[in-house]
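Notes to accompany the following structure.
The basis for the numbers below is simple: all heavy atoms, side chains too, and nothing from hydrogens, waters or symmetry mates. Residue numbering restarts at 1 for every chain, and letters A, B, ... go by the order of the sequence lines.
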4 protein chains.
Amino acid sequence: MARAAVPSKSRGRVALVDGRVLRASRLRVARREQILLAARRVFARRGFHATRVADLLDATGIARGTFYLYFDGKRAIFAALLDDVLVRLRAPIHAVDVRPGAVPPRVQLQNMVRSILGAIVADRDLAFILLREAPHAEPECAARVEQFYADILAMITSALAHGCALGFLRACDLATTAACLLGSVKEVVDRRILAAPVASGLDLDALTEQLLEFSLTGLLQSASLRR
Amino acid sequence: MARAAVPSKSRGRVALVDGRVLRASRLRVARREQILLAARRVFARRGFHATRVADLLDATGIARGTFYLYFDGKRAIFAALLDDVLVRLRAPIHAVDVRPGAVPPRVQLQNMVRSILGAIVADRDLAFILLREAPHAEPECAARVEQFYADILAMITSALAHGCALGFLRACDLATTAACLLGSVKEVVDRRILAAPVASGLDLDALTEQLLEFSLTGLLQSASLRR
Amino acid sequence: MARAAVPSKSRGRVALVDGRVLRASRLRVARREQILLAARRVFARRGFHATRVADLLDATGIARGTFYLYFDGKRAIFAALLDDVLVRLRAPIHAVDVRPGAVPPRVQLQNMVRSILGAIVADRDLAFILLREAPHAEPECAARVEQFYADILAMITSALAHGCALGFLRACDLATTAACLLGSVKEVVDRRILAAPVASGLDLDALTEQLLEFSLTGLLQSASLRR
Amino acid sequence: MARAAVPSKSRGRVALVDGRVLRASRLRVARREQILLAARRVFARRGFHATRVADLLDATGIARGTFYLYFDGKRAIFAALLDDVLVRLRAPIHAVDVRPGAVPPRVQLQNMVRSILGAIVADRDLAFILLREAPHAEPECAARVEQFYADILAMITSALAHGCALGFLRACDLATTAACLLGSVKEVVDRRILAAPVASGLDLDALTEQLLEFSLTGLLQSASLRR
DNA sequence: AATGAATGAGTTTTCATTCAT
DNA sequence: TATGAATGAAAACTCATTCAT
């Protein structure tokens with residue numbers, strides 16, 4: 001929708017027009033962002049189904065027609081938000097480098113988890129949308145979320161398989177264990193970050209540590225390790 | 001809504017009437033169950049929001065008016081189903097008995113997890129409703145689900161605290177670790193049971209074992225336990 | 001939409017149910033007719049595009065939902081009306097019988113034209129819909145109207161070809177002449193019947209005569225026939 | 001809207017300004033024509049109701065605001081187009097001169113019909129607008145079209161009356177016969193010109209001949225004239 | 001008790017027109 | 001003059017719930 005700005009160094013009339021076009025384009029993009037920002041908050045607070053287009057209008061202060069100028073409807077703007085969060089959360093996820101000389105795997109994991117939690121804290125509303133709303137909003141959105149998780153699970157599974165092969169990790173059912181890992185992160189995010197009052201001092205490093213500790217060493221005391 | 005059957009010891013005419021009332025009452029209850037059963041399937045397949053009352057009617061074969069004779073509406077029947085699943089899943093959950101001479105804690109945990117998974121497999125549709133629909137159906141439903149999870153988390157937290165105090169478990173952030181545990185179970189249920197094709201041979205014992213193993217001993221090889 | 005009435009002569013419960021069903025079915029059909037009747041008037045007076053569903057509701061005195069219970073929308077009810085008129089006007093149209101001993105062709109034509117005009121007068125609103133609204137209402141409606149006229153033109157063309165072959169009629173360009181005939185009838189219907197004040201004494205026999213006379217013998221005096 | 005060019009006889013500065021004004025005015029008129037031309041095509045192809053202002057803009061390549069600078073709106077530009085066609089088609093229509101020494105009436109008629117058909121072919125889009133769209137576009141447009149036809153019918157009626165009085169034409173119901181004539185022409189235009197593929201070799205002289213022949217001498221063989 | 005026709009509030013979406021730049 | 005973003009009135013359609021039979 002938002003057209004790419006056309007930068008120009010020419011003079012006279014053309015420059016004028018280009019200047020106008022450029023400015024208009026910037027305004028367009030800005031307006032779009034403004035609507036997205038407001039919508040993000042509304043969707044996160046009220047949920048997809050309870051949110052009416054009217055709520056989005058109220059939150060942005062624009063007219064009905066204006067909204068439809070920028071988005072094709074409620075689903076479309078929600079999908080745009082979902083895109084946003086999917087991109088942001090996919091960014092920090094990557095395979096662990098186990099080559100000799102690389103950063104130790106545990107540190108890599110730590111950094112990765114920490115980055116993910118950081119991205120979530122940086123935009124709680126988007127995280128709400130991904131975790132709580134998107135899976136039940138629309139078939140299409142749900143499918144995208146499912147694909148996102150499927151990708152992540154594939155990476156986890158691959159990492160587990162490597163770890164086992166290299167002797168770092170114990171043998172386990174990869175699919176089930178991957179689910180355990182994903183579930184742990186999702187629930188911690190949900191209950192320890194999203195559900196936490198905004199003001200409360202979130203210690204992401206501590207959360208990261210707890211997640212890793214739980215996943216890697218389990219709950220038992222070393223001494224009582226062998227049951 | 002469903003009136004309690006009125007038992008009667010009187011005779012003759014009155015007894016006859018009582019018999020009728022009794023029969024009617026039984027029919028009432030049966031009909032109610034029939035509607036609930038059909039609704040369960042529909043809600044699980046289409047989701048709360050996408051399910052229209054007409055879908056419930058189609059699935060049951062009753063008339064609109066009849067439906068409202070048994071339930072106060074779409075929300076009410078969904079709430080009734082939610083009640084159902086909450087009761088069923090709460091049943092197997094209880095504190096671990098750590099008194100000397102009791103069944104070993106790990107076995108108790110194993111039995112408990114196994115029971116929960118068993119209850120879920122026994123009624124996938126209800127599990128769908130709890131896991132995927134109820135949290136986004138209606139504020140009231142979401143609140144009840146939240147309360148359910150809060151109860152479970154409280155029990156887990158308490159168990160963790162006991163385990164730590166008794167020296168069975170390592171020290172950890174109780175709230176975060178409880179979330180890890182709950183998340184693991186939820187995700188395993190979702191991906192390894194609900195998402196599994198019905199025909200696929202589910203091995204609940206194996207799933208139980210994987211969950212316990214993951215939670216108690218983590219992923220690392222004992223040898224590489226200390227990083 | 002309207003289900004066929006199920007007549008029943010059985011007794012007792014079944015009869016009761018059948019009676020109810022029958023009655024309900026009749027009411028349904030009656031209601032549908034009532035809505036169609038009102039809509040016919042509204043569409044004829046205001047035109048398809050200027051008619052809002054609300055106008056139809058006002059005219060019938062039913063609620064919005066009720067309307068959509070009987071028809072899928074504005075287009076659907078208009079299409080139903082169009083069906084109606086197409087059936088009624090197609091009825092009197094048939095090929096001319098030129099076998100020896102048959103009613104004289106001119107009399108057959110006279111009867112046919114007279115029947116058509118009669119059907120139109122019997123339901124001016126429907127004729128309005130066919131002549132003035134349907135061709136511009138919706139692509140689909142327009143197509144049906146066009147097909148209707150195409151059928152008629154095909155019959156006329158065939159009749160002209162026969163007439164020429166038999167020596168009754170002079171040679172002419174069939175397609176163009178068929179258009180002349182159709183156009184004459186349409187315009188006469190439009191201006192001499194539809195545009196006429198309802199009260200005005202319409203003499204359909206006279207109109208029929210004028211139409212035939214014009215088409216068959218043209219305007220020139222016999223004497224000046226050869227220019 | 002379009003301001004008349006202001007001719008100027010003054011010199012020097014004022015003349016310069018006048019030159020500018022003149023040029024601006026010419027541009028204005030040209031632009032207006034350009035918009036009308038594009039709109040004509042769009043209205044003819046999509047119809048009045050299905051045409052959105054955006055379609056007109058797309059077809060012309062101007063901005064929304066610019067459009068409203070030249071026309072008061074969708075109705076206004078359509079009305080302007082209608083004006084255009086009404087003027088063009090009224091031009092060739094005039095009374096038949098029956099004074100001795102004048103061109104023979106049949107030749108006059110022939111010329112007139114031929115001129116009308118020529119004007120239509122010269123601008124099929126405008127003819128579409130008059131014949132198919134204007135009568136259903138807007139009450140005001142419909143009224144103008146109706147007035148146009150009323151004028152024509154009045155001329156035809158008067159001509160018929162004269163012809164009868166002079167003994168050229170047979171006695172007939174003037175209003176009905178006038179409708180026959182008008183309807184014949186309209187339908188022939190519609191089906192033999194507008195509906196014809198553009199490429200198809202239209203023989204307007206032949207169509208004219210057919211129309212006259214049909215109207216003046218009818219369909220019957222002279223021999224079988226008296227039924 | 002059972003039925004299903006009727007209801008109408010609620011929501012989305014379109015598009016002709018305006019107006020600040 | 002030209003632009004195109006903004007507007008908001010209209011209009012269609014859905015569906016949970018009621019109620020007369």
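- For the pair T51(A) and F78(A), the minimum side-chain heavy-atom distance is 4.5 Å or more.
- Note: CZ (F71(B)) to P (dA2(E)) measures 12 Å, nearest angstrom.
- What separates CZ of F48(B) from C1' of dC15(F) is a distance of 13 Å, to the nearest Å.
- If you take CG of L57(A) and C1' of dA6(F), they are 12 Å apart, rounded to a whole angstrom.
- Inter-residue side-chain proximity for R132(A) and H136(B) is flagged as met; some heavy-atom pair is nearer than 4.5 Å.
- For R75(B) (side chain) and D72(B) (main-chain N/O), no donor-acceptor pair under 3.5 Å exists by modelled atom type.
- Within the 4.0 Å cut-off from OP1 or OP2 of dA5(F), not a single side-chain nitrogen or oxygen of Y70(A) is found.
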Under a cut-off of 3.5 Å for both distances of each Watson-Crick or G-U pair, what dot-bracket string does DNA chain F give, using [ ] for crossing pairs and | for inter-strand pairs? .||||||||||||||||||||

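- Separating the OH atom of Y68(B) from the P atom of dC15(F) is a distance of 13 Å, rounded to the nearest angstrom.
- Between T51(A) and T51(D), it is T51(A) whose nearest contact on DNA chain E lies nearer the 5' terminus.
- Just one residue in the list R45(A), R46(A), R41(A) forms a salt bridge (charged side-chain N to carboxylate O under 4.0 Å, His left out) with D55(A), and that residue is R46(A).
- Separating the CZ atom of F67(A) from the P atom of dA9(F) is a distance of 19 Å, rounded to the nearest angstrom.
- Annotation: of the two residues near DNA chain F, G61(A) and G65(B), the 5′-most nearest-nucleotide partner is G61(A).
- Following rounding to the nearest Å, D72(C) (CG) and dC15(F) (P) show an atom-to-atom distance of 13 Å.
- If you take CZ of R52(B) and C1' of dT17(F), they are 16 Å apart, rounded to a whole angstrom.
- Residue contacts for G73(B): at a heavy-atom cut-off of 4.0 Å it reaches the sugar-phosphate backbone alone, with no base atom in range.
- Within 4.0 Å (heavy atoms only), R31(D) reaches sugar-phosphate atoms of the nucleic acid but no base atom.
- With the nearest nucleotide of DNA chain F identified for both H49(B) and R75(C), R75(C) has the one nearer the 5' end.
- Scanning atom types as modelled, no donor and acceptor separated by under 3.5 angstrom connect the side chain of R28(D) and the base of dT1(F).
- Closest to the side chain of V53(B), out of dA16(F), dA5(E), dA16(E), is dA16(F).
- Proximity of K74(B) to F48(B): side-chain heavy atoms (C-beta onward) are separated by under 4.5 Å at one or more points.
- Listed nucleotides dA2(F), dT7(F), dT11(E) differ in distance to T66(A); the shortest reach to its side chain belongs to dT7(F).
- The environment of CD in E140(B) is sparse: at most 12 heavy-atom neighbours from other residues, nucleotides or ligands sit within 6.0 Å.
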Give the C-alpha distance, both sets of side-chain angles, the deciding distance and a yes or no for side-chain contact (heavy atoms from CB on, under 4.5 Å) between L56(C) and F71(C). CA-CA 12 Å; L56(C) 303 178; F71(C) 299 96; over 6 Å; no

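- The two residues R32(D) and A80(D) have their closest heavy-atom pair at NH2-CB, 4.2 Å.
- Between the side chain of R64(A) and the base of dT13(E), at least one donor-acceptor pair of N or O atoms lies under 3.5 Å.
- DNA chain E is contacted by both K74(A) and A63(C); A63(C) maps to the nucleotide lying nearer its 5′ end (nearest heavy atom per residue).
- The separation between I77(C) atom CD1 and dC13(F) atom C1' is 15 Å, rounded to whole Å.
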